[in-house]
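The next block holds one structure in the form of C-alpha cells; read it before the comments.
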Amino acid sequence: MQVFKFGGASVKDANGVKNLAEVLQKTGYKNTLIVVSAMGKTTNAMELVLKNYFNNKAQLQSSIQEVKKFHNQILLDLFENENHPVFKKISLFFDELNSFLKTNKSPDYNFIYDQTVGFGELISTTIISEYLNIIGIKNNWIDVRNHIKTDNYYRRAHVNWDDTQHLITAQFNKNVLNITQGFLGSDANNFTTTLGREGSDYTAAIYAYCLNAESVTIWKDVPGVLNADPRYFENAQLLNKISYREAIELAFYGASVIHPKTLQPLQRKEIPLYVKSFLNPEQDGTMVGKDTTLEPMIPCFIVKKNQVLISLSSLDFSYIVEDNISDIFKLLHQYKMKVDVIQNSAISFSVCVDNIYNNLEELLHHLKAKFKVTCNKNVSLYTIRHYTDGAIKQIETGKTVLLKQLTQETIQVVTK
C-alpha cells in the first residue's frame with residue numbers, strides 16, 4: 001500500500017490533472033491512495049468568499065462565481081462532453097455552499113471557515129476522480145470526512161486517532177485505486193473541520209499510519225526537500241536524505257515543504273516519506289527515514305514572515321519567574337498564539353508569535369495590566385540548522401537584529 005499526496009500547484013489547471021494521470025501511469029497505482037488538495041489558489045479564493053460573507057455581502061456572489069468559473073474552465077478543458085455527470089456534481093457543491101451561507105446562524109468565524117473552504121478539496125477530487133475514470137484509470141472517490149474524526153477546534157482540529165483508525169480499517173478497500181481530500185475531517189456532530197493550512201500532507205500521513213502503508217510520497221513542484229526556500233534564498237540545494245528527527249526539527253521551525261504534524265505518525269511506524277517532483281517523477285527526490293543522516297551536511301535555512309515579537313518586563317523590577325511565565329503562557333494559549341521563540345532574563349521575557357487568529361490586540365491589552373510591553377509587528381524569524389559563521393552573516397546583513405538565540409545545532413534570529 002502506498003499513499004500519494006498531490007498539492008494545489010500540481011493540479012492548478014487541466015494540464016496539471018493530466019500530468020497527475022501521467023505520474024500514476026509512470027509510477028504505478030496498484031494498492032494506492034491519492035490525497036489531493038484544492039486546485040491552485042482555490043483556498044485563497046474561498047477565504048475571499050468568507051471575507052465577503054462577513055464584510056462585503058454585495059461582492060459575495062461575485063467571489064463565489066469566480067471560484068465556479070475557475071473550475072468550470074478546467075472541466076471544459078478535461079471533458080469533451082458537457083453533459084458528463086461531473087458538471088452536475090460540481091454544480092451541486094456550489095449549491096450546497098450557497099445554501100450553507102444563506103442559512104448559517106453561527107457568528108463563529110472559525111466554524112464558518114471550516115464549513116466553507118473545504119469545498120475546494122471536495123471539488124478538486126471529484127474532477128480528478130471523474131477524469132481518471134474516463135481515461136481508463138478506475139478509482140474509488142472517498143469523502144475523507146467519513147474517515148478522519150477530530151475534535152471541534154476549528155481551523156486546527158486534533159485527530160481522534162481511535163475513531164479514525166476504526167473507521168479507516170472498517171471501510172477502506174485496498175484493492176482499488178482510491179482518491180480522497182487532504183486538509184479535512186469532521187467532528188462528532190459531522191461538521192467539517194480542517195487540520196490547519198498545508199494539512200493535506202498530514203492527511204496522507206494519517207491514512208498511511210492507519211493502513212500500515214509501505215511509503216508516502218508528496219509530489220511537489222520542486223525536486224525534493226531543499227535546504228532553503230528558493231523564494232527567499234538563492235542557490236537552494238537538494239537534500240537527498242533526512243532523518244525523521246531532522247525533518248521534524250525543520251518542520252517545527254517552519255520549513256514549508258513538510259507539514260509539522262506529518263512526520264510524527266510516519267516515524268512511529270517507520271514509514272518512509274519521499275518528496276519528489278511531479279514534473280520529473282523518475283528522479284529520486286528526497287527520502288525521509290529512520291537512522292538517516294543529513295545528506296549533504298549543509299546549513300538549512302527557514303524564514304517565517306509577518307511574525308510578532310512581544311517583549312515584556314516587570315513594572316516593579318521583580319523577577320519574571322515560574323508564576324509570571326505560567327500566567328504569560330496561559331494568555332498565549334487563551335488567545336491562540338503560536339509560539340515560535342522564547343527568551344527570558346531576570347526581569348524580561350520575549351516571545352515571537354504567529355498571530356494566526358488575529359487576537360493580538362486583546363492579548364496586548366491583557367498583558368499591559370501586569371507588564372511593561374513592547375511589540376514589534378511584521379518581523380521575520382530566521383532559523384538555521386547546522387549553522388556556520390557565513391550562514392549567520394548571510395541572514396543578518398542589512399537587517400536590524402531584535403533577538404538572537406543559539407543552541408549547539410540551531411540559531412534563531414528575529415529581524416526587522
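FYI, side chains are in, hydrogens and waters are out, and symmetry mates aren't considered; it's all heavy atoms of this structure.
L184 CG to T194 OG1: the interatomic distance, rounded to the nearest 0.5 Å, is 7.5 Å.
Of the options V225, I248, L273, a side chain to side chain contact (heavy atoms under 4.5 Å, CB included) to I242 is made by V225 and by none of the others. Considering Y153, Y113, F111, Y154 in turn, F111 is the only one that fulfils the ring pair (Phe, Tyr, Trp, His ring centres under 6.0 Å) rule with F191.
The ring pair (Phe, Tyr, Trp, His ring centres under 6.0 Å) analysis of residues 11-56, with sequence neighbours excluded, yields the pairs F54-Y109. The list of side-chain hydrogen bond (donor to acceptor under 3.5 Å, both in side chains) pairs with a residue in residues 319-333, not counting sequence neighbours, reads D327-K370. For residues 281-294, every residue pair satisfying the side-chain hydrogen bond (donor to acceptor under 3.5 Å, both in side chains) rule, not counting sequence neighbours, is listed here: E270-K290.
No side-chain donor from either of S313 and S348 sits under 3.5 Å from a side-chain acceptor of the other.
Residues satisfying the ring pair (Phe, Tyr, Trp, His ring centres under 6.0 Å) criterion with H386, sequence neighbours excluded, are absent altogether. With sequence neighbours excluded, the residues forming a side-chain contact (heavy atoms from CB on, under 4.5 Å) with I356 are R155, R156, K338, D354, listed by chain and number. Annotation: ring pair (Phe, Tyr, Trp, His ring centres under 6.0 Å) contacts of Y209 (sequence neighbours excluded): W161. By the ring pair (Phe, Tyr, Trp, His ring centres under 6.0 Å) test, H71 pairs with no residue at all, sequence neighbours left out. For the ring pair (Phe, Tyr, Trp, His ring centres under 6.0 Å) test, residues two or more places apart in sequence or in another chain that qualify with F233 are F301. Partners of A38 by side-chain contact (heavy atoms from CB on, under 4.5 Å), not counting sequence neighbours, listed by chain and number: T42, T43, E121. With sequence neighbours excluded, the residues forming a side-chain contact (heavy atoms from CB on, under 4.5 Å) with Q267 are Y244, listed by chain and number.
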Determine all donor-acceptor pairs shorter than 3.5 Å in which one atom belongs to a side chain in residues 357-367; sequence neighbours excluded.
unit_1, atom_1, unit_2, atom_2, d
N359, ND2, Y335, O, 3.0
E361, OE2, K377, NZ, 3.0
H366, ND1, Y335, OH, 3.3

Using residues 8-18 as the side-chain source, report each donor-acceptor pair under 3.5 Å to any protein atom, sequence neighbours left out, with the distance given to one decimal.
unit_1, atom_1, unit_2, atom_2, d
S10, OG, G7, N, 3.3
S10, OG, G7, O, 2.6
D13, OD1, N15, N, 3.3
D13, OD1, G16, N, 2.8

